[in-house]
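Chain naming here is simple, since letters A, B, ... match the order of the sequence lines and numbering starts at 1 in each.
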Amino acid sequence: MPELPEVEVVRAGLERHVVGATITSVEVLHPRPVRRHLAGAADFAAVLAGRRVVAARRRGKYLWLPLDDPETGDALMAHLGMSGQLLVQPAESVAERHLRVRLALEGAAEGRELRFVDQRMFGGLSLSTGGAALPPEIAHIARDPIDPLFDDDEFVRRARRSSSGVKRLLLTQTLISGVGNIYADESLWRSRLHGERPGNRLAAAQLHELLGHVREVMNEALAQGGTSFDALYVNVNGESGYFDRSLHAYGREGDPCDRCATPMRRVAFMNRSSYFCPTCQPAPRVRR
DNA sequence: ATCGCGACCTGGTTGC
DNA sequence: TGCAACCAGGTCGCGA
């Protein structure tokens with residue numbers, strides 16, 4: 001599952017291998033990944049042909065490639081969803097099993113294709129009109145915690161005004177972007193906080209510390225993700241070595257807590273799972 | 001305004 | 001062995 005660190009690895013790969021290239025033609029193999037382009041797949045393909053990629057940018061889990069002009073141009077926007085990949089492949093290489101969109105390139109990436117591959121198709125591509133600097137479609141998304149302009153005090157203020165549980169707050173992209181289920185659980189474990197603790201019952205210092213752990217987890221993942229990244233292959237599969245070795249909470253139901261050896265618990269949360277240590281991360285008392 | 005939940009989607013795994 | 005149910009989860013839209 002790509003979260004911010006994985007998406008940043010992809011962004012860096014695109015910056016290196018696709019910026020400077022011109023899109024010569026586009027083939028949409030499945031309509032769903034371009035559903036956010038309201039004018040349809042044919043228009044999506046037509047409007048991208050001949051455009052030049054001039055940058056590779058990211059906010060949270062969204063990526064965009066400014067076209068023609070890095071300040072005022074349009075942008076090709078991408079979200080990887082749960083299972084999306086952006087690959088730069090030789091044009092003649094065999095199609096991936098879940099290849100959805102192919103964009104032929106010339107110039108800086110002569111003879112190669114940018115490919116959007118996505119099994120579950122929660123992700124997608126779209127064209128953002130005038131979105132080079134920041135696509136208006138994602139202007140509501142908050143900055144992410146490794147953005148130098150992320151405002152810690154503002155996050156803490158807003159979190160402390162909310163009655164929602166702190167895990168839900170971490171997943172609220174309008175408050176803080178780029179955090180998904182895995183890194184939310186990891187950050188909370190490191191902070192010894194139960195995810196259902198209401199934001200408005202936490203001390204400012206606890207939330208500042210939580211932010212520190214969010215950054216720590218992301219930076220560690222980034223350091224490891226960056227090393228598995230090969231020159232001509234812009235890849236993310238969410239299963240880089242990081243997930244196997246460094247997780248303390250996610251997916252560890254029944255395993256001993258790495259701090260206190262209490263068996264880790266799993267509970268249902270928002271149609272998914274939360275993993276935590278019932279000793280280190282005690283549940284909040286029920287208020288009445 | 002704020003909050004929380006269901007829908008979307010596929011394929012690997014589990015259970016009968 | 002075959003089939004159905006379950007599970008993974010980011011985002012959006014809707015209803016309370």
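- Proximity of A:F155 to A:L175: side-chain heavy atoms (C-beta onward) are separated by under 4.5 Å at one or more points.
- Atoms CD (A:E137) and C1' (C:dG10) sit 17 Å apart, rounded to a whole Å.
- Among the candidates A:E113, A:R112, A:R115, the single residue satisfying the side-chain hydrogen bond (donor to acceptor under 3.5 Å, both in side chains) test with A:S93 is A:R115.
- Under the 4.5 Å side-chain heavy-atom criterion for grouping Ile, Leu, Val, Met, Phe, Trp and Tyr, A:L63 is not connected to A:V54 through any hydrophobic cluster.
- There is a side-chain donor-acceptor pair under 3.5 Å between A:Q89 and A:E96.
- Scanning residues 265-276 of chain A for heavy-atom distances under 4.0 Å to DNA chain B yields A:N271.
- Side chain of A:R143 to backbone of A:R59: no donor-acceptor contact under 3.5 angstrom is found.
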Name every donor-acceptor pair, under 3.5 Å, that has one atom in a side chain of residues 123-135 of chain A and the other anywhere in the protein, sequence neighbours excluded.
residue	atom	partner	partner atom	Å
A:S128	OG	A:E137	OE1	2.8

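- Taking side-chain N and O atoms only, A:H79 has no distance below 4.0 Å to OP1 or OP2 of C:dG10.
- The aromatic rings of A:W189 and A:H248 lie parallel to each other, their planes meeting at an angle below 30°, with 60° marking the opposite boundary.
- The closest donor-acceptor contact from the side chain of A:S162 to the backbone of A:S164 lies under 3.5 Å.
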List every contact pair, protein side and nucleotides 3-6 of chain C side both N or O, where the distance is under 3.5 Å.
none

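- Side-chain contact between A:D74 and A:V47 is absent, with no heavy atoms from C-beta onward closer than 4.5 Å.
- Heavy-atom distances to DNA chain B give each of A:H98 and A:G165 a nearest nucleotide, and the one nearer the 5′ end belongs to A:G165.
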**Message:** With side-chain hydrogen bond (donor to acceptor under 3.5 Å, both in side chains) as the criterion, how do A:H208 and A:D152 come out once you've worked through the C-alpha distance, each side chain's angles and the decisive distance to 0.1 Å?
**Reply:** CA-CA 7 Å; A:H208 279 289; A:D152 287 33; 4.6 Å; no
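- Defined by atom type and a distance below 3.5 Å, a donor-acceptor pair is present between the side-chain atoms of A:S273 and A:R266.
- For DNA chain B, the outermost nucleotides in 5' to 3' order that have an atom under 4.0 Å from a heavy atom of chain A are B:dC3 to B:dG11.
- Using a 4.0 Å cut-off, no side-chain N or O of A:R120 falls inside it from OP1 or OP2 of C:dG10.
- One can place NE2 of A:H140 at 9 Å from P of C:dT11, the figure rounded to the nearest angstrom.
- Rounded to whole Å, atom C1' of C:dG10 lies 8 Å from atom CE of A:M82.
- Atom-to-atom, CD of A:E253 to C1' of C:dC7 comes out at 13 Å; the value is rounded to the nearest Å.
- For A:E154 against A:R157, the heavy-atom pair with the smallest separation is OE1-NH2, 3.1 Å.
- As a whole-Å value, the separation of A:M121 CE from C:dG10 P is 18 Å.
- Between A:R11 and A:E15 there is a salt bridge, since at least one side-chain N of the basic residue sits less than 4.0 Å from a carboxylate O of the acidic one.
- Salt-bridge check for A:D144 with A:R58: passed, with a basic side-chain N closer than 4.0 Å to an acidic carboxylate O.
- In this structure, the CZ atom of A:R36 is 9 Å from the C1' atom of C:dC12, given to the nearest Å.
- A:I141 and A:M77 fall within the same hydrophobic cluster, defined by Ile, Leu, Val, Met, Phe, Trp and Tyr side-chain heavy atoms under 4.5 Å apart, directly or through other members.
- The backbone N or O of A:R32 lies less than 3.5 Å from a partner atom in the side chain of A:R35, making a donor-acceptor pair.
- Listed in residue order, the members of residues 170-180 of chain A having a heavy atom less than 4.0 Å from DNA chain C are A:Q173, A:G180.
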Heteroatom pairs (N/O) under 3.5 angstrom, protein to nucleotides 13-16 of chain C:
none

